[in-house]
Each structure stands twice: as structure tokens, then as C-alpha cells.
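The block underneath contains the structure these notes are about, expressed in C-alpha cells.
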There are 2 protein chains.
Amino acid sequence: MSTDVTTKPASRSGDGLAQHTGFLLARLGRAVTRHYRSALTPIGLKPRQTSALLTLRDEGAMSQQALGAALDIDASNLVVLLNDLEGGGLILRRRDPEDRRRHLVEISKRGSKLICEVEHASTQIDDEFFAGLDSDERATLHDLLARVAQSTDVSARGASGDDEERC
Amino acid sequence: MSTDVTTKPASRSGDGLAQHTGFLLARLGRAVTRHYRSALTPIGLKPRQTSALLTLRDEGAMSQQALGAALDIDASNLVVLLNDLEGGGLILRRRDPEDRRRHLVEISKRGSKLICEVEHASTQIDDEFFAGLDSDERATLHDLLARVAQSTDVSARGASGDDEERC
DNA sequence: TATTGTTATACTCTATAACTATA
DNA sequence: TATAGTTATAGAGTATAACAATA
């Protein structure tokens, strides 16, 4: 906070990387992940695991391929991530009867219960991290990010309406 | 692209992680970093090195502490990053006469020349990545991200006016 | 005593290739 | 032959602690 940033000179133009929205995005992405990590560690979950559980709860059971696409995570990495979640009883893997190569992954009851706790913590992180924006601005940001995600085919749905209460 | 995402069922509510702006931000941050990496590899730079060079060019010489704060990177990691850049003759390290503990880091002529190439490539990545947004929306996104960065003290200046031409 | 930079290290994340079982 | 999942592994990013030089 008050780290007395002395040796930061002239700063004439005042922009720096800020010119590149992409670099700014990358930096903030890492920052928010760090925040998530410190908030989730006491609960025993990693940010990526949390994303997976949230997706499974909200989207329902799906194949590992589909989940990997939704999270933008490599299939091989998803395997070990799911191994851990399965070991903790937070998800279930079962063969898809229609195509026995596939695993249908779904969140367990225990997972659903845990994700309620987690969502509370995550929401708090979001509130802290985006505290510089008011409610409207934050909604705008979310919408813009969602559209970028959509256009880059990172598989993100529009931020339309939430319907059900879950927690 | 056309990967025929079969096993993606119901999708009733349609939101998923999208609820959490933070998770969305984290995911996009990784995605854009990946894009940067593939575009920068042929030039021989990593995304983080590129950020460092851009910052040094735009903000001028500064201590490693200040640079670390600007990039939101740990001091110990910055050392090895700068070692590589120094080895390639892209930056210079010299002792601060006023405080001999400090290294003043500045971009070299060779670094400045390279960064012009790089900026071209980076700008292209930005254009591709944010293609889903029009010019105004992209400016809005940049502004919102910059303000979040500011409020989280990740050290980012306001996106005011660029003044000088550099490339 | 505190700070700047450094080194070493351990841990996580990411990407690639090779394998299996199913189709 | 192609696809879903798995395994192993190498590479990159990150965080921590201990240290030397300087303040």
C-alpha cells in the first residue's frame, strides 16, 4: 500500500502497458487468481477446482471435453484436477452409456454443499477486487468480458438472467 | 472452432462461471497470454519480458522494485527475467548513485528497436483478441480495467493521452 | 535495523507426446 | 482411422526463505 515508491521518475506519457489492453487483462487475471487462491486455500480448494465445480453446478453434467472447453483447460490437466475433486467426493465420474469412451462428470451433493460456502467467499473476492467500480460499471465490465470470451470461442455464455436460487 | 461440442446438455440457466466476473477475468487473462506467447515466440520474447520492455520504454528508467510493482511480479522472479534481457542486450542495469543498493534499469537502443517490432505484433494480437468489441467498447473495457488496476493498487496509470510517437 | 537485489528452491500451471479403450 | 480419456514429463510461472551489500 504505502510502499513509498520512490524511484519512479518522470512518467511523462503516463501510460505504459496500459496502451495494450491485453497486457492489462493478463496482469489483472493473475492478480485476481492470487486473491482467489488466498481466499480459497482455507476452504481447501484451488481457483481452478472452484471454477470447475461452479460450472458443473450451473451447467449440469457434461463430458470432460466439454468441461475442458468451458474452463479453457487442457484435457490432460483436467484429468488430474478431476482426480483430486473425485478423491474428495466433490464430483462423480460415470461412463456415458451412449459412448463408452466418455466420462460424464457431475457435481456431488457434497460438492454442491461446499460450493455454497465457496461462492460466498468468491463473491466477497469479486466485491473487493472490483471495488473501484460501481454496480453499473461492473455489469458493463462483465458484459464486455463475456463478449470477448464469446468471440474468442473460449466458450462463455451470455450474462442473461439467473433463474434459480441454489444456496 | 467447429469441434462439434456434443455432450453439452441442458444448459438451463446459461451462466456458469460467468456469474463471477473474477473467474471470467482470470480465464481471459490466461487466454490472451497464450495468444501473446505464440505471437512473440518467433521474435524471441516472452510475454512478461515484453511487458517489461514496454514499461521501461514508456516510463523510463526505474529501480527493480518499481518495475516489479509495475508488472506485479515478485522481485526474485524479476531478477532472472532481467538477467535474460540483459544477456540479450535489451536492457541495461546500472547502480543508482544516490542509493547504491538500487539498480536503475533502462531499455537499451537495441531493446527500443526490438520493441517496435514487438508492439506491432502485440497490437495485432489485441486487435484479434478484442475483435468482438467495437472501438468504443474496447476503450470502455480498457478504462474499466485500468480503474480496477488502480484501485487494487496494481500500479497502473490512467489511460489519458499518448503524446509522443515512438515507432 | 531496514531495504535492494540476489540465489536457491519448491510448488503450481501449462503444453506435448505417447498410450488405452472405445467408436 | 479417429476420438475420449489417461499418463508421464518437460517447461514456464509463482512464492518463500536466506543471504550480501548498502542505507
Side-chain angles (χ1 to χ4, degrees), chain A residues 2-8 23 26-27 29-38 40-41 45-52 61-69 71-87 91 93-105, chain B residues 2-8 26-27 29-38 40-41 44-52 61-69 71-86 91 93-105 154:
Chain A
S2 50
T3 4
D4 183 45
V5 188
T6 316
T7 320
K8 189 179 283 176
F23 281 118
R27 190 153 43 113
R30 284 183 300 113
V32 77
T33 299
R34 200 165 46 230
H35 281 253
Y36 277 137
R37 190 180 313 283
S38 66
L40 293 171
T41 297
L45 281 178
K46 298 177 185 180
R48 197 52 81 61
Q49 295 174 323
T50 307
S51 291
M62 64 182 76
S63 72
Q64 294 190 190
Q65 277 239 333
L67 183 56
L71 299 175
D72 191 25
I73 181 181
D74 191 88
S76 64
N77 299 321
L78 183 60
V79 170
V80 315
L81 189 152
L82 291 179
N83 287 348
D84 291 343
L85 289 178
E86 195 178 32
I91 60 139
R93 277 197 267 216
R94 58 188 162 86
R95 290 282 172 192
D96 183 346
E98 294 179 11
D99 183 342
R100 289 188 41 74
R101 290 174 301 183
R102 283 184 178 144
H103 274 160
L104 289 180
V105 187
Chain B
S2 49
T3 4
D4 183 45
V5 188
T6 315
T7 321
K8 188 180 287 178
R27 189 152 44 111
R30 285 184 297 112
V32 77
T33 299
R34 201 164 47 230
H35 281 253
Y36 276 137
R37 189 181 314 284
S38 66
L40 293 172
T41 297
L45 281 178
K46 298 177 184 180
R48 197 52 79 62
Q49 296 175 322
T50 308
S51 292
M62 65 182 76
S63 73
Q64 294 189 191
Q65 276 238 333
L67 184 57
L71 298 175
D72 191 25
I73 180 180
D74 191 89
S76 65
N77 299 319
L78 183 60
V79 170
V80 314
L81 189 151
L82 290 179
N83 287 349
D84 291 344
L85 290 178
E86 196 179 31
I91 61 141
R93 275 197 270 215
R94 58 188 163 87
R95 288 282 171 192
D96 183 347
E98 294 179 11
D99 185 342
R100 289 188 42 73
R101 291 173 302 184
R102 282 182 180 147
H103 273 162
L104 288 180
V105 187
V154 187

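Remember, predicted model here, so these are calculated numbers, not experimental data. Chain letters run A, B, ... following the sequence lines, proteins first and then strands; every chain starts at 1.
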Give [X] one of three labels, base, sugar-phosphate or nothing, depending on what nucleic acid heavy atoms sit under 4.0 Å from its own.
X: B:Arg93; answer: sugar-phosphate
X: A:Asn77; answer: base
X: A:Arg37; answer: sugar-phosphate

Is [X] close enough to [N] that one of its side-chain N or O atoms is under 4.0 Å from OP1 or OP2 there?
X: B:Arg30; N: C:dC13; value: no
X: A:Arg48; N: C:dT14; value: yes
X: B:Gln65; N: C:dT4; value: yes
X: A:Lys46; N: C:dC13; value: yes

Does B:Arg30 use its side chain to pair, donor to acceptor, with the backbone of A:Asp72 at less than 3.5 Å?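 Indeed, once roles are kept as given, a pair shorter than 3.5 Å links the two residues.
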
Which nucleotide in the list D:dT6, C:dA8, C:dA15 gets nearest to the side chain of A:Asp74?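 Shortest atom-to-atom distance from the side chain points to C:dA15.
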
Minimum-distance nucleotide (side-chain atoms of A:Gln64 versus C:dG5, D:dT6, C:dA23):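 It is D:dT6.
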
Earlier contact from the 5' end, DNA chain C, for A:Ile73 and A:Pro97: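 Upstream on the strand: A:Ile73.
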
Restricting to non-hydrogen atoms, name the atom on B:Tyr36 and the atom on A:Phe23 that form the minimum distance, rounded to 0.1 Å.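 Heavy atoms only, the tightest pair is OH-N, 3.2 Å.
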
Looking only at side chains, do A:Gln65 and A:Arg102 share a donor and an acceptor under 3.5 Å apart?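 A:Arg102 and A:Gln65 do not have a side-chain donor-acceptor pair below 3.5 Å.
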
Does some side-chain heavy atom of B:Leu82 sit less than 4.5 Å from a side-chain heavy atom of B:Leu67?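 In short, these two side chains touch, coming nearer than 4.5 Å.
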
Pick the nucleotide of DNA chain D nearest each of B:Arg101 and A:Val105; which residue has the one closer to the 5' end?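 It is A:Val105, whose closest nucleotide lies nearer the 5' terminus.
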
